[in-house]
Colleague: 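This is the structure I have questions about; it appears just below.
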There are 2 protein chains.
Amino acid sequence: MLLYQQIKQYITKLIDDKQQGVKLPSERQLLEKFNSSRITVREALFRMETEGLIYRQNRKGWFVSPARLRWNPVKKVNYYQLAKEQGFTPNTQLVAINHGKAATVVYQAFEQTSSEIFWEVYRVRSLDERPVMLEEIYCQQRVFPQLHDKALEGSITTLFSQDYNIAICSEQSSIHVTALPDDKAELLNLNAGSPCIKIIRKRFCPQQRLIDYNIEYWVHGAIEIVVESY
Amino acid sequence: MLLYQQIKQYITKLIDDKQQGVKLPSERQLLEKFNSSRITVREALFRMETEGLIYRQNRKGWFVSPARLRWNPVKKVNYYQLAKEQGFTPNTQLVAINHGKAATVVYQAFEQTSSEIFWEVYRVRSLDERPVMLEEIYCQQRVFPQLHDKALEGSITTLFSQDYNIAICSEQSSIHVTALPDDKAELLNLNAGSPCIKIIRKRFCPQQRLIDYNIEYWVHGAIEIVVESY
DNA sequence: CAGTGGTCTAGACCACGAT
DNA sequence: TCGTGGTCTAGACCACTGG
């Protein structure tokens with residue numbers, strides 16, 4: 001068996017013994033244990049990261065992945081409710097709120113000319129203190145005046161409904177796998193280049209007008225997508 | 001800027017110039033161009049693989065990823081129809097059909113005792129000659145006698161319906177990201193350890209009895225999942 | 001056969017984290 | 001300050017592909 005596979009096997013055993021979220025031995029400790037080199041040790045670690053079994057925090061070390069959050073993109077369930085039902089302690093942190101010009105894709109999605117001003121809200125969502133998702137929300141400033149004065153840590157849907165009387169009625173999501181970009185990784189305290197799930201979501205009001213445009217980056221090992229059809 | 005980022009930038013430009021599916025320069029050519037080492041060149045290539053922009057075939061080289069297939073897991077659309085609508089030439093290849101004992105998860109899903117015999121069908125699906133998905137299908141031998149004599153390259157749903165008069169009416173899918181296992185990678189002519197999308201699907205008849213249990217491994221850069229909700 | 005990627009060694013220097 | 005991972009070098013041998 002290849003050396004990196006032996007190392008994988010060893011770490012797999014460690015994971016079984018350890019609690020979720022616990023730190024693994026350092027790369028240099030593993031290297032000495034197997035009389036190997038860092039390249040080979042990291043080969044094993046990266047594979048297990050891709051498998052979603054472990055994750056790393058920038059320069060802090062490697063950790064055992066907790067259980068995945070099961071999420072149904074079709075059912076519009078509140079994040080807090082969903083997380084609590086599955087035994088997690090959820091949290092949302094507002095990272096930034098800006099207004100001004102947005103990226104071209106946003107103008108295209110809203111079918112607006114480039115004079116339109118957009119809110120850009122960045123939020124990080126965590127499960128049991130572990131950042132698992134970075135969210136970018138775009139919506140029109142003239143539709144949501146004074147948005148920066150609102151409490152932005154809760155459900156945006158509820159906020160839209162209660163403070164602006166705007167209901168979300170349908171949505172379209174596009175999901176694909178990519179690598180965490182540098183700027184998003186930094187906000188999540190993770191490493192750029194790790195696999196992640198990117199979800200682009202458009203949400204509409206009953207009149208089919210686009211209300212908000214959403215980009216979510218999920219730590220790939222933190223989520224499982226569940227879909228039913230009849 | 002970091003060296004591997006410069007190499008990424010260079011390859012990104014190459015991709016813009018090249019046709020989909022075209023081969024990239026070899027690792028050693030890139031290494032010489034940047035007076036670098038293979039480790040660094042491969043760092044750039046692996047990141048772009050995770051981004052879904054390029055892919056590799058075992059010991060053959062690195063290639064530019066073609067466009068993604070857009071797929072809606074809720075709408076039960078035929079693979080051939082879907083692929084053709086999006087301008088691909090689809091193909092299915094039967095890799096193996098066995099019968100006997102299955103894995104424990106299969107027995108659990110079917111709620112059967114271990115005396116039950118299952119068919120195990122392996123198929124590889126391609127788009128424009130590029131293998132993009134490996135499928136494992138499990139179903140009960142006594143429900144589908146003589147399955148091995150049937151044409152297994154087409155739609156299984158149609159086969160169940162026409163040859164066995166069994167309709168599929170609802171399904172449950174679980175989607176997550178993982179690494180391509182060694183044995184699946186081999187069948188796809190790809191490399192173990194690359195990110196992939198694993199879809200576990202259970203399909204039921206109108207009486208809510210489980211008809212087949214399906215595991216799909218998608219080359220992650222080959223697919224985009226689209227979901228709508230109302 | 002030459003060329004490709006797959007695996008692996010034995011180092012190095014750096015930025016940043018924990019303390 | 002020391003330990004961590006992040007980046008990088010300059011090689012090596014091997015299995016397999018393709019001509």
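So that the names make sense, note that chain A is the first sequence line, chain B the second, and so on, each numbered from 1.
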Colleague: Is the ring centre of Phe118(B) less than 6.0 Å from the ring centre of Tyr107(B)?
Modeller: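 Yes - the distance between ring centres of Phe118(B) and Tyr107(B) falls below the 6.0 Å cut-off.
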Colleague: Which residue is it: Val121(B), Asn98(B), Ile97(B)? I am looking for the one with a side chain to side chain contact (heavy atoms under 4.5 Å, CB included) to His148(B).
Modeller: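 Only one option passes, and that is Ile97(B).
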Colleague: Figure out the CG/C1' separation between Leu3(B) and dT9(D), and round it to whole Å.
Modeller: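 Taking CG of Leu3(B) and C1' of dT9(D), I get 11 Å after rounding.
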Colleague: Are OP1 or OP2 of dC8(C) and a side-chain N or O of Arg42(A) less than 4.0 angstrom apart?
Modeller: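 For Arg42(A), the contact criterion (side-chain N or O under 4.0 Å from OP1 or OP2 of dC8(C)) is not met.
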Colleague: Nearest nucleotide by nearest heavy atom, which residue falls closer to the 5' end of DNA chain C, Asn58(A) or Tyr4(A)?
Modeller: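 Taking each residue's closest nucleotide, the earlier one in sequence belongs to Tyr4(A).
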Colleague: If I take atom CD1 from residue Ile15(B) and atom CG from residue Leu24(B), how far apart are they, to the nearest 0.5 angstrom?
Modeller: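 Taking CD1 in Ile15(B) and CG in Leu24(B), the distance rounds to 6.0 Å.
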Colleague: Indicate whether OP1 or OP2 belonging to dT9(D) is found under 4.0 Å from a side-chain N or O atom of Ser36(B).
Modeller: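 Yes, because at least one side-chain N or O of Ser36(B) sits under 4.0 Å from OP1 or OP2 of dT9(D).
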Colleague: Without decimals, in angstroms, what is the distance between Phe63(A) CZ and dG17(C) P?
Modeller: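 Nearest whole value for this atom pair: 12 Å.
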Colleague: Please classify the nucleic acid contact of Asn35(B) as base, sugar-phosphate, or nothing, using heavy-atom distances under 4.0 Å.
Modeller: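 Sugar-phosphate only.
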Colleague: Once you round it to whole Å, what is the distance between C1' of dC2(D) and NZ of Lys60(A)?
Modeller: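 Taking NZ of Lys60(A) and C1' of dC2(D), I get 17 Å after rounding.
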Colleague: Indicate whether the side chain of Ser36(B) and that of Tyr4(B) have a donor and an acceptor atom separated by less than 3.5 Å.
Modeller: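 Note: Ser36(B) and Tyr4(B) side chains miss the donor-acceptor criterion.
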Colleague: Just compare dG6(C), dT9(C), dT7(C) and give me whichever is closest to any side-chain atom of Glu43(A).
Modeller: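 Nearest to the side-chain atoms of Glu43(A), counting from C-beta on, is dT7(C).
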Colleague: Could you tell me how far apart Leu31(B) (CG) and dT7(D) (C1') are, to the nearest whole angstrom?
Modeller: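 Going from Leu31(B) (CG) to dT7(D) (C1'), I get 15 Å.
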Colleague: Tell me whether the side-chain N/O atoms of Thr40(A) come closer than 4.0 Å to OP1 or OP2 in dT9(C).
Modeller: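 Thr40(A) to dT9(C) OP1/OP2: side-chain N or O found under 4.0 Å.
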Colleague: Whole Å only: how far is the CZ atom of Phe46(A) from the C1' atom of dT7(C)?
Modeller: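 So the two atoms are 15 Å apart, to the nearest Å.
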Colleague: May I ask you to evaluate whether Arg47(A) reaches the phosphate of dG6(C), defined as a side-chain N or O under 4.0 Å from OP1 or OP2?
Modeller: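 No, no such contact exists.
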Colleague: Centres of the Phe144(A) and Phe160(A) rings: under 6.0 Å?
Modeller: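 Phe144(A) vs Phe160(A): aromatic centres under 6.0 Å.
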Colleague: When you measure from the side chain of Arg59(A), which nucleotide among dT7(D), dG6(D), dG6(C) comes out closest?
Modeller: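 When the side chain of Arg59(A) is considered, dG6(D) is the closest of dT7(D), dG6(D), dG6(C).
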Colleague: Do Arg56(A) and Phe46(A) form a cation-pi contact, if we require the NZ or CZ to be under 6.0 Å from the six-membered ring centre and within 45 degrees of the ring's axis?
Modeller: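 Cation-pi check for Arg56(A) and Phe46(A): fails.
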Colleague: Which of these nucleotides, dC8(D), dA15(D), dC13(D), is closest to any side-chain atom of Arg28(B)?
Modeller: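 In terms of side-chain proximity for Arg28(B), the closest of dC8(D), dA15(D), dC13(D) is dC13(D).
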Colleague: Over the length of the helix from dC1(C)-dG18(D) to dA18(C)-dT1(D), how much do the five-pair end axes diverge, rounded to 10 degrees?
Modeller: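 The angle, to the nearest 10 degrees, is 10°.
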Colleague: Which nucleotide wins on minimum distance to the side chain of Ser37(B), given the candidates dG6(D), dC8(D), dC8(C)?
Modeller: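 From the listed options, dC8(D) comes nearest.
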Colleague: Can you measure Leu24(A) atom CG to dT4(D) atom P for me and round it to whole angstrom units?
Modeller: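 Atom-to-atom, Leu24(A) to dT4(D), this comes out as 13 Å.
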Colleague: Is the Lys NZ or Arg CZ of Arg130(B) less than 6.0 Å from the centre of Phe88(B)'s six-membered ring, within 45° of the axis?
Modeller: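 No, Arg130(B) and Phe88(B) do not form such a contact.
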Colleague: Once hydrogens and angles are ignored, does a donor-acceptor distance under 3.5 Å link the base of dG6(C) to the side chain of Arg38(B)?
Modeller: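 By the distance-only test, yes, there is a pair.
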Colleague: Output the rounded distance in Å from CZ (Phe34(A)) to P (dA10(C)).
Modeller: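 Those two atoms, CZ and P, are 16 Å apart.
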Colleague: Check every strand shown and say whether Leu2(A) touches a base, only sugar-phosphate, or nothing at a heavy-atom separation below 4.0 Å.
Modeller: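 Since only primed, P, OP1 and OP2 atoms lie under 4.0 Å of Leu2(A), the category is sugar-phosphate.
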Colleague: I need the CD-P distance between Glu186(B) and dG6(C), as an integer number of Å.
Modeller: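 From Glu186(B) CD to dG6(C) P: 14 Å.
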Colleague: Report yes if a side-chain nitrogen or oxygen of Ser26(B) is closer than 4.0 Å to either non-bridging phosphate oxygen (OP1 or OP2) of dG3(C); otherwise report no.
Modeller: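 For dG3(C), neither OP1 nor OP2 has a side-chain N or O of Ser26(B) closer than 4.0 Å.
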Colleague: Can you identify which nucleotide, out of dG5(C), dT9(D), dC14(C), has its nearest atom closest to the Ile39(A) side chain?
Modeller: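 My answer, after comparing the listed nucleotides, is dT9(D).
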Colleague: For a salt bridge (charged side-chain N to carboxylate O under 4.0 Å, His left out) with Arg47(A), tell me which candidate from Glu49(A), Glu51(A), Glu43(A) qualifies.
Modeller: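 Exactly one candidate clears the test, Glu43(A).
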